[in-house]
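What follows is a short report on a single structure.
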Amino acid sequence: MTEEIEFETYIRITKKIIGIYVLDKTKLQNLYFDEINYEIKKDNIDLKILIKLIERNIFRIEKLIGKFIKNVSLIIENKKIFNLNFCLKKKNYEKNLSISYIKNMVTEAKDLFKENYQKQKIMHIIIEKYLIDGNQYPKFINNLKCDNLCIEVKFISIANDLILEIEKVIERYQIKIVNFLDENNIKSIFKENDIELIL
């Protein structure tokens, strides 16, 4: 077995590809990958292909990195991914805007989302914009004086029933999904850069 490597393992499920990838975090490069191409029908994931992919790769990867894979991140493209934008407005009694105040607002927004969309799991929370005393800002400005603050928050979530299907397969191999990532959101962030998705 090789010496211990700082790595992350990803499983990617799209409409046409199911893949497994190992990222070497120290060198920022793909250490290992394997993909199976297939045609999806009615946006259902073929779990048999996922099983086949894991079975043919899990031992190879563990031998390569010298340890068991316990956690993976799931990158997924699916119609069961749900996007919701909403605004949260508050009076700022602290007068100077702080990151902790923003974090509290986002936590409140997250609690509202969870209360109203119980069949969804949050994948990404994105602050789209800030409205500070009637002026719009694209990014946070620390210690800005303000009386009123409104943030537009975007939630990207995935249906719990889809997560459970995938988790049942992966748990057979004593692996846990620790992150759920929307492929389309990742691509939109890095659309200007010619970079591999896993990187």
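Note: hydrogens, waters and symmetry copies are ignored here, and every other heavy atom, side chains too, is used.
Taking the side chain as every heavy atom from C-beta outward, Phe180 and His124 never approach each other to under 4.5 Å. Here the side chains of Tyr117 and Leu84 are in contact, with some heavy-atom distance below 4.5 Å. Side-chain contact check for Asn135 versus Leu131: every heavy-atom pair is 4.5 Å or farther apart. Pro138 places none of its side-chain heavy atoms less than 4.5 Å from the side chain of Lys129. Contact annotation: the side chain of Val153 approaches that of Ile125 to within less than 4.5 Å [non-hydrogen atoms, C-beta and beyond]. Side-chain atoms of Glu152 and Tyr130, non-hydrogen and from C-beta on, never get closer than 4.5 Å to each other. You'll find the side chain of Ile81 reaches within 4.5 Å of the side chain of Met123, heavy atoms only. No side-chain heavy atom of Ile158 sits less than 4.5 Å from a side-chain heavy atom of Ile122.
Asp133 places a side-chain N or O within 3.5 Å of a backbone atom of Asn148 that can act as its donor or acceptor partner. Asn185 places no side-chain N or O within donor-acceptor distance of the main-chain N or O of Ile156, the cut-off being under 3.5 Å. Using a distance-only test at 3.5 Å, with no hydrogens or angles considered, a donor-acceptor pair links the side chain of Asn92 to the main chain of Cys146.
Of the N and O atoms on the side chains of Tyr32 and Asn57, at least one donor lies less than 3.5 Å from an acceptor on the other residue. Using modelled atom types, one finds a donor on one side chain and an acceptor on the other under 3.5 Å when comparing Tyr10 with Glu8.
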Could you go through Asp161 and Lys119, starting from their C-alpha distance and side-chain angles, then the distance that decides it, and tell me whether this counts as salt bridge (charged side-chain N to carboxylate O under 4.0 Å, His left out)? CA-CA 8 Å; Asp161 61 339; Lys119 294 183 179 181; over 6 Å; no
side-chain contact (heavy atoms from CB on, under 4.5 Å) between Phe7 and Lys67: does it pass, once the steps are laid out? CA-CA 11 Å; Phe7 73 94; Lys67 59 166 72 171; 3.6 Å; yes
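In summary, of the residues considered (Ile13, Ile36, Val169), a side-chain contact (heavy atoms from CB on, under 4.5 Å) with Leu53 occurs for Ile36 alone. Checked options Ile45, Thr14, Leu181; the residue passing with Ile76 is Ile45 (criterion: side-chain contact (heavy atoms from CB on, under 4.5 Å)).
Sparse packing is recorded around CZ of Phe68, with 12 or fewer heavy atoms of other residues, nucleotides or ligands lying under 6.0 Å away.
Scanning all heavy atoms of the two residues, the minimum distance from Ile177 to Asn179 falls at CG2-O, 3.4 Å.
In this structure, Arg12 does not pair ionically with Glu77, as no charged nitrogen and carboxylate oxygen lie closer than 4.0 Å. Ionic pairing of Glu167 and Lys176 is not present here: no N-O contact between side-chain nitrogen and carboxylate oxygen is shorter than 4.0 angstrom.
Checked against a 6.0 Å centroid threshold, the rings of Phe86 and Phe155 count as neighbours.
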